[in-house]
Peer 1: 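Once you've had a glance at the structure underneath, I'll fire off some questions.
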Amino acid sequence: MNKIILKGGTLVSPRGTKHADLLISGEKIVAVGRHLQADAEVADVSGKLIFPGFIDAHTHFDLEVSDTVTADDFDGGTKAAIAGGVTTVVDFATQNKGESLTDALNNWHMKAFANSSCDYAFHMAISDWRDDIREELPAMFEQGVTSFKVYMIYDAMELSDRAIYELMTALKQYGGIVGCHCENSAIVGKLREKAIANGKTAPVYHPLTRPDYTEAEAINRFLSIAKAADAPCIIVHLSTKAGYEEVLRARKNGVQVYVETCPQYLLLDDSVYSRPFDESAKYICSPPLRKNDDSKALWDGLKSGRLNTVSTDHCSFTINQKRAGQEDFTKIPNGMPGVQTRSILMYTYGVKKRRISLAQMCAYLSENPARLYGMYPKKGALKAGSDADIVVFDPKGNGVITAENSLSKCGYEPFEGMRTVGKIEKVFLRGRLAYQDGEVVLEHTGKFVRRSKNSLML
Ligand code: URP
Ligand code: ZN
Ligand code: ZN
């Protein structure tokens with residue numbers, strides 16, 4: 001069995017940093033301590049930061065949207081992930097209307113199996129709530145799927161408030177949790193219809209037809225449903241200050257709500273939508289990019305620990321795919337890549353700019369998603385007994401984000417040209433070197449992760 005000692009590094013956890021060696025044996029970390037000795041290969045990692053493998057709990061690989069399919073499947077998407085230090089993704093297995101959850105889950109297993117270069121788990125996105133779907137819930141838990149996703153918007157996915165309430169109530173008995181895409185479908189739908197009818201067809205109308213209050217209203221409603229169901233819940237991809245204020249209000253009212261945001265809402269703003277079509281269509285995602293005040297509120301939420309995770313909503317399309325909406329912005333497939341760049345962006349623009357601490361970076365990218373999604377301490381920890389998913393990070397490196405260095409098949413990089421500090425030097429996936437100095441060196445060994453219950457305290 002392979003044995004490696006990572007010697008002399010600085011281990012990072014949500015509780016701070018410490019100097020210690022790690023002994024890896026096979027797929028596991030077996031010892032953590034000073035001056036470890038063993039009959040093992042020794043890798044000198046002095047001067048490096050050692051993180052538990054990052055978790056991206058919000059990816060869409062190989063997803064059909066708007067009559068097309070994402071540019072990144074599990075092959076390309078998970079290679080981009082491992083290059084970003086992500087050793088586990090939680091992708092959204094998505095039920096098509098009329099389909100059973102079992103069929104949807106099997107479909108996602110087929111997409112991911114033998115194609116993934118990092119470990120993977122699935123949330124189940126429910127688009128069709130019926131009695132027979134309720135009866136399938138125990139089977140999902142038996143198969144390690146313990147988190148569910150609902151959408152308050154999108155014709156193909158939208159669930160009624162009643163359906164969301166019933167799902168939340170049903171999941172309570174199994175200890176499951178529901179995440180929600182919160183936007184007011186009626187208002188956004190009407191504003192989009194009016195815009196197109198008035199010849200307002202360019203991408204600049206995308207954010208204008210999804211104003212901040214449409215997110216805030218939906219968050220308020222979703223959290224009222226959670227209150228009525230007395231069930232824990234998650235807001236995914238929070239983008240607005242107004243929505244954040246709804247979260248704080250609901251928490252005061254006793255709602256157990258966890259919140260995710262994404263780098264695009266922290267670092268980009270809606271000025272990009274005024275660029276020519278090809279440049280602005282890249283940034284069409286929902287919710288849209290917002291104002292600087294919104295980003296500031298989200299950074300404050302991270303700094304104060306009131307937000308809980310940073311994932312990416314990686315959902316990539318090529319420019320050619322985006323051109324489906326050249327005459328009508330509502331036809332542009334929504335989403336952008338992010339799985340490869342999240343960690344370096346959070347280090348550069350979060351830690352180095354003192355907006356968050358190194359310990360918080362570890363919480364938001366590793367431990368919190370591991371706990372929230374029932375994978376801790378197998379994942380998200382540098383402890384004896386944890387999977388040896390490890391990121392060796394050189395704080396002295398620097399670089400620039402470019403499409404050339406991106407492994408996403410979408411062909412562009414939303415954060416193009418942004419300077420970065422630090423460098424992912426090596427990534428270990430369950431004890432095996434998977435990425436080194438810019439190259440993915442281990443392909444398609446990713447395994448499915450069966451998950452249990454949320455253990456993240458608010
Ligand atoms: O625009 C986005 N975010 N597309 C991905 C699907 C979703 O809404 O999360
Ligand atoms: Zn969404
Ligand atoms: Zn998403």
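In this chain, residues are counted from 1 in sequence order. Whatever order the structure lists them in is the order used to number ligands and atoms, beginning at 1.
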Peer 1: Please confirm whether K111 makes a cation-pi placement over W108, using NZ or CZ under 6.0 Å from the six-membered ring centre and within 45° of the ring normal.
Peer 2: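 Ring-cation test returns yes.
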
Peer 1: As an exercise, identify every atom of ligand 1 less than 4.0 angstrom from a heavy atom of H237.
Peer 2: 8 (O), 9 (O)

Peer 1: How about NZ on K291, more than 12 heavy atoms from neighbouring residues, nucleotides or ligands closer than 6.0 Å, or not?
Peer 2: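 No, because the 6.0 Å sphere around NZ of K291 holds 12 heavy atoms or fewer from other groups.
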
Peer 1: Going by the angle between their ring planes, with limits at 30° and 60°, are F122 and H109 parallel, tilted or perpendicular?
Peer 2: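 Judged by the thresholds at 30° and 60°, the geometry between F122 and H109 is perpendicular.
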
Peer 1: Among protein heavy atoms, which sits nearest to atom 1 (O) of ligand 1, and what does the distance come to when rounded to 0.1 Å?
Peer 2: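 Here the nearest protein heavy atom works out to S286 N, 2.8 Å.
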
Peer 1: Can you check ring-ring contact (aromatic ring centres under 6.0 Å, His included) on Y265 and Y244, steps first, answer last?
Peer 2: CA-CA 12 Å; Y265 301 117; Y244 178 49; over 10 Å; no

Peer 1: Under 3.5 Å, side chain of Q143 to main-chain N/O of A139, donor-acceptor pair present?
Peer 2: yes

Peer 1: To the nearest 10 degrees, how large is the angle at the Zn ion (ligand 3) between H60 NE2 and H58 NE2?
Peer 2: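 Once rounded, the angle between the two atoms at the Zn ion (ligand 3) is 110°.
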
Peer 1: Tell me whether K149 reaches ligand 1 (any heavy atom closer than 4.0 angstrom to a ligand atom).
Peer 2: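 Within the 4.0 Å threshold, so yes.
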
Peer 1: For M336 and ligand 1, answer yes if some heavy atom of the residue is under 4.0 Å from a ligand atom, otherwise no.
Peer 2: no

Peer 1: For F92 and ligand 1, answer yes if some heavy atom of the residue is under 4.0 Å from a ligand atom, otherwise no.
Peer 2: no

Peer 1: Can you pull out the closest protein heavy atom to atom 4 (N) of ligand 1? Residue, atom name and distance to 0.1 Å, please.
Peer 2: N334 O, 3.3 Å

Peer 1: Heavy-atom distances under 4.0 Å are what count here, so tell me which part of D313 touches ligand 1: side chain, backbone, both or neither.
Peer 2: side chain

Peer 1: At what distance is the nearest protein heavy atom to atom 6 (C) of ligand 1, and which residue and atom is it?
Peer 2: H60 NE2, 3.5 Å

Peer 1: Before giving the answer on salt bridge (charged side-chain N to carboxylate O under 4.0 Å, His left out), spell out for R134 and D131 the whole-Å C-alpha distance, their side-chain angles and the decisive distance to 0.1 Å.
Peer 2: CA-CA 5 Å; R134 186 198 313 265; D131 284 345; 3.6 Å; yes

Peer 1: How many protein N, O or S atoms are found at a distance of less than 2.8 Å from the Zn ion (ligand 2)?
Peer 2: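 Near the Zn ion (ligand 2), the number of protein N, O or S atoms below 2.8 Å is 2.
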
Peer 1: Quick one: list whatever passes ring pair (Phe, Tyr, Trp, His ring centres under 6.0 Å) with F92, sequence neighbours left out.
Peer 2: H58, H60, H123

Peer 1: Using a strict 4.0 Å threshold on nitrogen-to-oxygen distance, state whether K282 and D278 make a salt bridge.
Peer 2: no

Peer 1: Using a 4.0 Å cut-off to any heavy atom of H181, which atoms of ligand 1 qualify?
Peer 2: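 Every atom of ligand 1 under 4.0 Å from some heavy atom of H181: 7 (C), 8 (O).
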
Peer 1: Rounded to the nearest 0.5 Å, what separates atom CG in N107 from atom CG in L101?
Peer 2: 12.5 Å

Peer 1: Output the list of atoms in ligand 1 that are nearer than 4.0 Å to some heavy atom of C285, sorted by atom number.
Peer 2: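 The atoms of ligand 1 under 4.0 Å from a heavy atom of C285 are 1 (O).
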
Peer 1: Rounded to the nearest 0.5 Å, what separation is found between the OH atom of Y349 and the CG atom of L267?
Peer 2: 7.5 Å

Peer 1: Checking R371 against Y376: charged group under 6.0 Å from the ring centre and within 45 degrees of the axis?
Peer 2: yes

